[in-house]
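Structure record follows, encoded as structure tokens.
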Protein chains: 2
Amino acid sequence: MPRAGLSTQAVVQAAVEVIDDDGVAALTLAAVAARCGVAAPSLYKHVSSLAELKTLLGVRVLNELADRFAAAAMGRSGADAITALMHAYRAYVMAHPARYAAMPVDPLHHPDLAAAGIRQLEVIQAALRPWQLDPADQIHTIRKLRVVAHGFASLESAGGFGLPEDLDETYRQLIATFLDSLPAHP
Amino acid sequence: MPRAGLSTQAVVQAAVEVIDDDGVAALTLAAVAARCGVAAPSLYKHVSSLAELKTLLGVRVLNELADRFAAAAMGRSGADAITALMHAYRAYVMAHPARYAAMPVDPLHHPDLAAAGIRQLEVIQAALRPWQLDPADQIHTIRKLRVVAHGFASLESAGGFGLPEDLDETYRQLIATFLDSLPAHP
DNA sequence: CCAAAAAGCTACTACCATTAGCCTTTGCCG
DNA sequence: CGGCAAAGGCTAATGGTAGTAGCTTTTTGG
């Protein structure tokens with residue numbers, strides 16, 4: 001019985017590979033165990049339940065997207081930074097649709113997910129700084145940005161748009177409309 | 001062994017009640033059978049599989065939302081009609097979040113769902129008629145409307161907005177921004 | 001070098017979808 | 001009105017799922 005050398009993060013990594021290959025519905029402990037070369041009950045040494053594995057997967061994916069956000073915003077400001085953020089969001093979702101489907105939509109309500117969710121928020125807040133919005137306006141603005149990015153990305157990744165062509169143009173118009181809705185900034 | 005008097009539509013109705021009560025994750029044949037007062041295998045006389053039941057549920061929900069759309073648009077035109085449609089969308093989702101979660105996002109790709117999906121589309125097309133958009137613009141415009149309505153409603157119904165207050169204002173702004181992005185009409 | 005913790009395993013339970021095959025009710029036709 | 005076939009229930013069984021219990025082996029730390 002040689003030891004497989006697993007760890008919690010290795011199990012999460014296997015879960016990512018399972019959903020990348022076969023979709024989020026194929027995420028079972030049996031599939032993860034098979035990929036790790038281990039019997040299913042052995043996973044309980046590293047993960048307390050399937051629900052916890054899904055939460056850990058959520059943390060992983062939230063952080064991955066926050067990294068993309070930070071990279072996209074770096075060295076840009078104003079409308080340029082916002083545009084880059086929104087394109088980074090869409091690019092991530094299309095590159096990893098199953099991971100996006102595994103990303104919880106309400107991270108702030110779960111203690112283990114909140115930190116990763118806040119990382120994303122902070123990047124957006126920083127990008128909006130040039131507009132010097134008052135706190136209430138800032139909340140509405142961040143919400144609207146999320147609505148546009150999440151709405152478009154979730155529809156696109158789920159095949160919700162009938163015709164595949166011209167989606168770049170639709171998204172470009174959405175970003176332009178969102179930017180137009182912001183007050184002028186110095 | 002008195003007969004329960006089931007039918008396919010009665011089974012779908014029981015499925016609606018199951019998800020309304022316990023969420024979309026609780027939709028199992030066992031739960032539906034219990035609500036019908038019947039053993040689980042008996043459902044196969046009316047429904048060929050759980051997957052088919054989910055499709056039928058999707059048809060039901062798509063048509064229900066299309067009905068709301070039609071009712072909201074009736075007797076209105078222009079920006080007034082669009083505003084009413086978008087509020088009807090949000091109101092339906094908040095009244096029946098589990099049904100919305102059971103609504104397929106890509107109905108046009110499934111033959112059994114396409115008709116119901118097209119009903120929704122036609123109501124939106126009719127509401128946009130005053131703008132006399134050319135076909136390409138019409139596609140982009142309908143997509144943008146869906147992005148805003150679906151993005152907001154799916155985030156709200158999933159608890160994706162941290163603070164509950166002022167959501168009416170956020171949605172109002174989104175609708176206003178969408179309407180501003182349309183060309184002026186006569 | 002040994003003891004204890006960590007990390008595997010098998011065996012088991014409970015629940016799920018689905019199939020097979022049986023039996024009773026229902027409705028139609030002679 | 002009788003009977004027969006179809007329809008709509010049922011139980012039993014299969015294979016897949018999450019999770020638990022308890023055992024064995026490996027690793028590690030004193």
Side-chain angles (χ1 to χ4, degrees), chain A residues 1-61 98-99 101-104 110 112-113, chain B residues 1-61 98-99 101-104 110 112-113:
Chain A
M1 214 200 291
R3 208 159 276 204
L6 284 186
S7 66
T8 300
Q9 280 312 305
V11 173
V12 174
Q13 177 59 35
V16 170
E17 294 168 13
V18 167
I19 67 171
D20 280 349
D21 285 3
D22 301 321
V24 80
L27 180 61
T28 67
L29 289 179
V32 173
R35 189 170 287 262
C36 292
V38 122
S42 303
L43 296 178
Y44 287 88
K45 299 288 178 176
H46 306 283
V47 139
S48 72
S49 66
L50 177 61
E52 195 204 46
L53 177 55
K54 286 177 177 171
T55 299
L56 293 170
L57 186 58
V59 172
R60 164 81 69 108
V61 170
R99 296 186 202 180
M103 193 173 96
H110 190 302
D112 296 346
L113 299 168
Chain B
M1 215 198 294
R3 210 158 276 203
L6 283 187
S7 66
T8 298
Q9 280 312 305
V11 172
V12 173
Q13 178 59 36
V16 170
E17 294 169 13
V18 167
I19 67 170
D20 280 350
D21 284 2
D22 300 321
V24 80
L27 180 61
T28 65
L29 289 179
V32 173
R35 189 170 287 262
C36 293
V38 123
S42 304
L43 296 178
Y44 287 88
K45 299 288 176 170
H46 305 284
V47 140
S48 72
S49 67
L50 177 61
E52 194 205 46
L53 176 56
K54 286 178 176 169
T55 299
L56 292 171
L57 186 58
V59 172
R60 164 82 68 109
V61 171
R99 297 187 202 179
M103 193 174 95
H110 190 302
D112 296 345
L113 300 168

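Numbers restart at 1 for each chain; the letters A, B, ... are given by sequence-line order, proteins then strands. In this text, all values refer to a predicted model and were calculated from it rather than measured experimentally.
When the C1' atom of D:dG19 is taken as reference, atom CD of A:E52 falls 14 Å away, rounded to whole Å. Between A:L43 atom CG and D:dT20 atom C1' the separation is 14 Å, expressed in whole Å. Nucleotide D:dA18 holds its C1' atom 7 Å from the CG atom of A:L50, rounded to whole Å. Summarising the geometry, the separation between CG on B:L6 and C1' on C:dT24 is reported as 16 Å, rounded to the nearest angstrom. Rounding to whole angstrom units, CZ of residue B:R3 and C1' of C:dT24 are separated by 7 Å.
The residue among B:A51 and B:K45 whose nearest nucleotide of DNA chain C is located toward the 5' end is B:A51.
A sub-4.0 Å separation between OP1 or OP2 of C:dA6 and a side-chain N or O of A:H46 is absent.
Contacts classified as side chain to side chain donor-acceptor pair (under 3.5 Å) and involving residues 36-45 of chain A (residues at least two apart or in different chains) are not found.
Nearest approach of A:A26 to A:A31, heavy atoms of both residues: O-CB, 3.7 Å. Heavy-atom minimum distance, A:V24 versus A:I19: CA-CG2, 3.8 Å.
Considering A:L43, A:L53, A:L56 as possible partners of A:T8, the one that fulfils the side chain to side chain contact (heavy atoms under 4.5 Å, CB included) test is A:L56.
Of the residues in residues 27-42 of chain B, those placing a heavy atom less than 4.0 Å from an atom of DNA chain D are B:V38, B:A39, B:P41, B:S42, in numerical order.
Side-chain contact check for B:E17 and B:Q13: at least one donor-acceptor pair (N or O, by modelled atom type) lies under 3.5 Å.
For B:D21, the salt bridge (Lys or Arg N to Asp or Glu O under 4.0 Å) partners two or more places apart in sequence, or in a different chain, are B:R35.
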